[in-house]
Amino acid sequence: MIRDITIGQYYQTDSVMHRLDPRVKLLGTLLFIVALFMYKNPAGYIIAIVFLFSVIKLSGVPVKFITRGLKGILMILMITVLINLFLTPGTAIVTLGKVSITYEGVGMAFTMMLRLIMLIMGSSIVTLTTTPNNLTDGLEKGLGFLKVFHVPVGDVAMMMSIALRFIPILMEETDRIMKAQLARGADFESGNLVKKAKSLVPVLVPLFVSAFRRAGDLAMAMEARCYRGGDGRTKMKPLIYKRRDIIAYIILFLFVIVSVWVGRWSVISGFFNDLYLRFLLN
Amino acid sequence: MDIVSTKDLVFEYIRRDDEGNPSDVTTALDHVDIDVKEGEFVGILGHNGSGKSTFAKHLNALLYPSGGTVFVGGMDTKDDDKLWDIRSNIGMVFQNPDNQIIGQVVEEDVGFGPENLGVPTKEIWERVEESLKAVGMLEFRKKSPNKLSGGQKQRVSIAGVLAMHPKCIVLDEPTAMLDPSGRKEVIRAARGLNDVEKMTVILITHYMDEVVHADRLFVMDKGKVVMQGTPREVFSRVEELKALRLDVPGPTRIAYELKKKGIPLPDGILTAEELVREIEKCR
């Protein structure tokens with residue numbers, strides 16, 4: 001299950017998307033998500049889907065890789081769909097006891113599902129094409145203005161990048177501890193949820209102990225290499241906007257403006273509403 | 001000029017009970033005097049708990065002496081204003097390769113030290129390249145450290161401290177977690193730095209064969225320096241080393257056993273080649 005989540009995994013290849021400045025990609029994701037929640041008619045989503053798939057194509061990451069990330073949110077997706085399907089008030093199509101599926105509910109459920117899927121796909125594109133370090137650099141620089149409010153942006157960015165670096169190491173360790181416990185007769189498979197959760201205690205305790213030991217070692221190694229907080233550091237790979245980043249910004253803003261305008265244009269919304277109603281009445 | 005010099009260095013670990021009162025004192029370093037000259041390759045040997053790692057941490061002001069002084073390049077490690085000068089002068093490589101690599105990509109990790117020192121971007125790149133070249137890891141510069149073998153990771157760690165342009169490198173049991181081929185890689189890299197770059201190297205280890213080529217050795221036991229001298233001098237004292245639960249290098253041991261059986265071999269044979277040469281002389 002943990003392995004299915006694509007967020008935080010980097011797909012190594014060389015593409016325009018990989019070379020883009022992380023700040024462009026981060027702002028792009030943010031705007032993309034905001035735009036997704038502003039559309040009122042399918043035209044907006046169609047533009048967004050075309051945009052999303054062009055970006056995927058440009059990134060050189062196989063679509064299979066991106067859709068794999070959806071497995072992790074399958075539960076959330078199903079719950080959202082069910083809640084929207086049954087709990088949206090409106091004209092009922094089917095009634096099951098006290099709850100009923102409504103026309104509005106079907107539309108709402110479909111829209112939410114689409115939004116969530118596109119949201120996950122859009123954000124995994126960023127993490128798949130940006131090294132975690134690059135990503136934290138982007139966050140550090142992009143949120144640099146917070147330093148005025150005494151937010152230690154540099155230190156937080158360093159913490160994030162260290163956390164990301166240790167994810168695979170700790171996963172490996174978890175695996176090792178689980179195997180060691182299995183060899184001693186531990187049982188992680190059978191029983192109900194509570195029993196399963198309890199059986200993980202002998203895995204978590206050594207994992208935490210070792211994580212703390214690692215943290216101590218790492219802190220010492222960092223001090224030995226003269227790390228003294230974010231201030232006064234220079235960058236090996238400073239972020240500098242290039243021509244392609246400017247072009248990407250222009251495309252991004254064009255996309256947002258056009259898709260939101262089309263997606264909220266009352267003429268188109270009305271047209272699709274008619275179509276939808278006619279389809280349901282037949 | 002001495003790069004590192006300790007005078008009467010004492011360090012005590014104080015264990016405290018729940019109220020914070022000292023309950024138990026362990027003396028980890030007991031009046032240690034060790035001097036290392038510029039360009040030397042010094043080995044520090046000792047069994048677990050002999051205080052050799054505690055000693056290493058003093059050189060980088062990660063620990064402060066309870067008594068006596070530590071001078072690094074003429075600076076007292078107790079002097080807080082000099083802390084970062086001292087740490088940039090002494091590069092430390094630790095035992096566990098996974099717990100000292102900060103970067104997600106090899107070259108970014110090597111650049112971490114210079115970044116902390118505020119070196120300009122262009123120079124960082126030059127330093128990264130030259131350091132990776134010095135340990136023979138240049139072709140791996142774009143790789144993730146997680147994909148490397150233990151020996152390769154340790155060479156990256158060495159490159160990481162080299163890029164800070166230290167005057168001296170302290171290797172604190174760099175091979176303890178490696179397989180034999182990884183150990184060889186790391187020791188070869190360390191010796192290369194000393195031979196080619198004239199870097200001062202302090203190698204702390206409990207593998208005797210790693211320090212056969214050192215200029216000088218210090219043997220520690222229970223926080224004290226119990227033997228010092230050239231490898232030849234130290235390794236001729238086989239019985240004393242045995243009493244310290246330390247083993248001499250293989251060839252030295254064979255020579256020692258042969259000599260006990262009455263074959264006239266000289267003391268302090270260190271390598272297999274020497275042993276072969278001496279045995280052939282006996283025929």
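Because the structure is predicted, anything quoted here is derived from the model rather than measured. Keep in mind that the numbers below use all heavy atoms, side chains included, and drop hydrogens, waters and symmetry copies. Sequence lines set the chain letters: A, B, ... in the order given, protein chains first and strands last, and positions in each chain run from 1.
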Residues of [range] with any heavy atom under 4.5 Å of a heavy atom in chain A:
{"range": "residues 52-61 of chain B", "result": "B:K57, B:N60"}
{"range": "residues 40-47 of chain B", "result": "none"}
{"range": "residues 124-151 of chain B", "result": "B:I124, B:W125, B:V128, B:K142, B:P145, B:N146"}

[X] versus chain A, the contacting section by heavy-atom distance below 4.5 Å:
{"X": "B:V110", "result": "backbone"}
{"X": "B:L62", "result": "side chain"}
{"X": "B:D172", "result": "neither"}

Atom pair [atom1] ([X]) and [atom2] ([Y]), whose distance is rounded to the nearest 0.5 Å:
{"X": "A:E223", "Y": "B:W84", "atom1": "CD", "atom2": "CH2", "answer": "6.0 Å"}
{"X": "B:Q104", "Y": "A:S161", "atom1": "CD", "atom2": "OG", "answer": "6.0 Å"}
{"X": "A:C226", "Y": "B:L83", "atom1": "SG", "atom2": "CG", "answer": "8.0 Å"}
{"X": "A:M236", "Y": "B:F112", "atom1": "CE", "atom2": "CZ", "answer": "13.0 Å"}
{"X": "B:I102", "Y": "A:Y227", "atom1": "CD1", "atom2": "OH", "answer": "10.0 Å"}

Identify the heavy atoms of [X] and [Y] that sit nearest to each other, and give their distance.
{"X": "B:F94", "Y": "A:A221", "result": "CE1-CA, 3.6 Å"}
{"X": "B:P114", "Y": "A:T234", "result": "O-OG1, 4.0 Å"}
{"X": "A:F166", "Y": "B:D98", "result": "CZ-O, 3.7 Å"}
{"X": "A:R225", "Y": "B:N116", "result": "O-ND2, 3.0 Å"}

[X] atom [atom1]: more than 12 heavy-atom contacts under 6.0 Å:
{"X": "A:R184", "atom1": "CZ", "result": "no"}
{"X": "B:K82", "atom1": "NZ", "result": "no"}
{"X": "A:R115", "atom1": "CZ", "result": "yes"}

Top residue by heavy-atom pair count (under 4.5 Å) with chain A, among [options]?
{"options": "B:V105, B:N96, B:I101", "result": "B:I101"}
{"options": "B:K122, B:E123, B:Q100, B:M92", "result": "B:Q100"}
{"options": "B:G113, B:G118, B:G111, B:G91", "result": "B:G118"}

For this session: Test salt bridge (charged side-chain N to carboxylate O under 4.0 Å, His left out) on B:E107 and A:K237 and set out the steps.
Result: CA-CA 10 Å; B:E107 60 179 12; A:K237 297 175 177 172; 3.0 Å; yes
Exercise. Is it true that A:K235 and B:E115 make a salt bridge, defined as a side-chain N closer than 4.0 Å to a carboxylate O?
Worked result: no
Problem set entry | Residue-level interface, residues 206-220 of chain A with chain B, non-hydrogen cut-off under 4.5 Å | A:R214, A:D217, A:L218, A:M220
Exercise. Should A:R228 and B:R87 count as side-chain neighbours, where that means a heavy-atom distance under 4.5 Å?
Worked result: no
